[in-house]
Amino acid sequence: MNVDSVERGLVIDHIAAGRSLEIYRILGLDKLDCCVAIIKNARSQKTGRKDIMKIEDRIDLDLDALGFLDPNITVNIIDGGTIVEKKKLRLPETVTDVIHCANPRCITSVEHGLPHVFHLADREKGIYRCAYCDQAHDRRKDQ
Amino acid sequence: MRHLISPMDLSVQETDQLLALADRIIADPKAYSHKCDGKKLATLFFEPSTRTRLSFEAAMLELGGQVLGFSSADSSSAAKGETVSDTARVVSCYADIIAMRHPKEGAATVAAAKATVPVINAGDGGHHHPTQTLTDLLTIHRLKGSFDGLTVGLCGDLKFGRTVHSLIKAMCRYQNVRFLLVSPPELRVPDYIRDDLVSGGFAFTEVERLEDAISDMDILYMTRVQRERFFNEEDYIRLRDSYILDSEKMKLAKPDMIVLHPLPRVNEIAAEVDDDPRAKYFEQALYGKYVRMALILKLLEVE
C-alpha cells in the first residue's frame, strides 16, 4: 500500500497498533484542513505491528497529551521531504483536559468549565493523580 | 499571598513556627486581642459544621476582627447554581481572608485559584482538613512535647475520614513515627495514603480489632463513621458501630496514652471515657481555636 511521502509536516510513528483513531480524536486532528493519513497495522520490526499518522502541515501538536497517550511514540518533523527533527516522547509531568477525574466526589464532577489537570505521581507505574482530589488514574488500564 | 489547602502547604519549619505562635497566644491572649482590628473573615460553609466554623469565628473575634458568611449551601448563591470559582472571586471583594468548607474534594483548590485573598481549606469532602490537622498537632505538641518516635493509632473510618488522611501526611514528616490503623476492611485508608506510607518507608500496621493494638499506642485518634460520606445507607448502618471505645478497652492502654477525636462524636467513645484523664478531645477543641488564631495572623501577615 502506498501513501505519499510528506513534503512538509509531521509523521507520528510507532503508535501502538489499533490506537491511532483514538489519538486522532483526542488530539482534535479531525478539525484540521490539511491532508491526514492514518495507516493501521503497518509492519514494525520492533513491535510486529504499529500505527502511523502522516500530517501534511507543521501543526502545534500537544506533545504532553501525545506522550501521555503513548510514550513510545516518535514524532518526526519533516521539511523538504526529509526528517529534520525526531522527538522522542515521555510521560509528561502534567496533562490537562486529556482525561477526566472518575471520582464522583471531585469538584470537577459538578463545576463545569474547570480544566481537568492530572500530575504524574509515579513514572514507573504510570500513575497520575487529579490535581484537585488526588484520585489516582492508572494509564496502563487505558491500554 | 499564601493559602492553606493541604497540611503539606506548610513546611515543617513553618508548622513549628505556627505552633510556637499558638503557644504565645495561649500564654498571653490579651496581647493579641487587637491584632486583627478592622479585618474581616468570611466563613463559607457549603456543608454543616459547628466546631470548625465556630472556632474560626471565635478565633477571628478574639483577634479583634469581624466575621461574615453562611453556614449551608442552601443559604448561599450555590443554591442558584453559582460556581465555587465565582463565589471565591465575589467574596474576595468583601473579606480579607476566607475559610471554606465544601462537600466536594478539591473545592478549596478551585477557590484559591480565583480568590484574591488568602483561602483556608476548612474541609473539602473526604479529602483534606488542614486546620484540624494543625489542631491535632498543637494538641500533641502541648500534651506530648514532641512528635518524634510516637506510635499513633487511628481508629474508625480511615477511608473517608479526611482528618485521618491529613494527620497521617503531617506526622509522616517527623522522625520514627509508627501508625496503627484500626478499621474494618471496607474503611481502610485509601490507596494514595497507603502508597505514601509505603514509598516513604513508614512503619504501619492495619488491624481490625482495637483491642489488638491499643496497648502499643501513645495516641489513639478516634473517628466517627460519617453518614454523609456514604452513597448507600445500608453500608453506613452496617459499619457505623464498628468501634466503640469504652472503659474496658481503656484498661488495656498505656497510662500516658492520650485519646483524641476531631468531634462531633456520636457513640464511638462511650460517655464514661470522658472522665478518664487520658481523654483529651475537649481540650483538643480548645486548641483548635488557638491554632486558627495563629494561622489567621500568619496568612494575614500580621504576625
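Proteins get letters first, then strands, A, B, ... in listed order; numbering begins at 1 in each.
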Is there a donor-acceptor pair closer than 3.5 Å between any side-chain N or O of B:Glu105 and the backbone N or O of A:Ile107? no

At a 4.5 Å cut-off on heavy atoms, which part of B:Ser85 comes close to chain A: side chain, backbone, both, or neither? both

With a 4.5 angstrom heavy-atom cut-off, could you sort out which part of A:Asn103 is near chain B: side chain, backbone, both or neither? side chain

Considering residues, nucleotides and ligands other than A:Glu85, do more than 12 of their heavy atoms fall under 6.0 Å from its CD? yes

With the threshold set at 4.0 Å, does a side-chain nitrogen-carboxylate oxygen contact exist between B:Asp195 and A:Arg129? yes

Quick check: are there more than 12 heavy atoms from other residues, nucleotides or ligands sitting under 6.0 Å from NZ of A:Lys87? no

So do the side chains of B:Thr83 and A:His112 get within less than 4.5 Å of each other, counting heavy atoms only? no

Under 4.5 Å heavy-atom distance to chain B, tell me which part of A:Thr108 shows up: side chain, backbone, both or neither. neither

How long is the straight-line distance from CD1 of B:Ile193 back to CG of A:Asp134, given to the nearest 0.5 Å? 8.0 Å

Taking all non-hydrogen atoms of both residues, which atom of A:Tyr132 and which atom of B:His127 are closest, and how far apart? O-CE1, 3.1 Å

Pick one of side chain, backbone, both or neither for A:Ala121, based on which atoms fall under 4.5 Å of a heavy atom in chain B. neither

Verify, without hydrogens or angle tests, whether B:Lys104 (side chain) and A:Pro104 (backbone) share a donor-acceptor contact under 3.5 angstrom. yes

Please indicate whether B:Lys159 has more than 12 foreign heavy atoms, meaning atoms of other residues, nucleotides or ligands, lying under 6.0 Å from its NZ. no

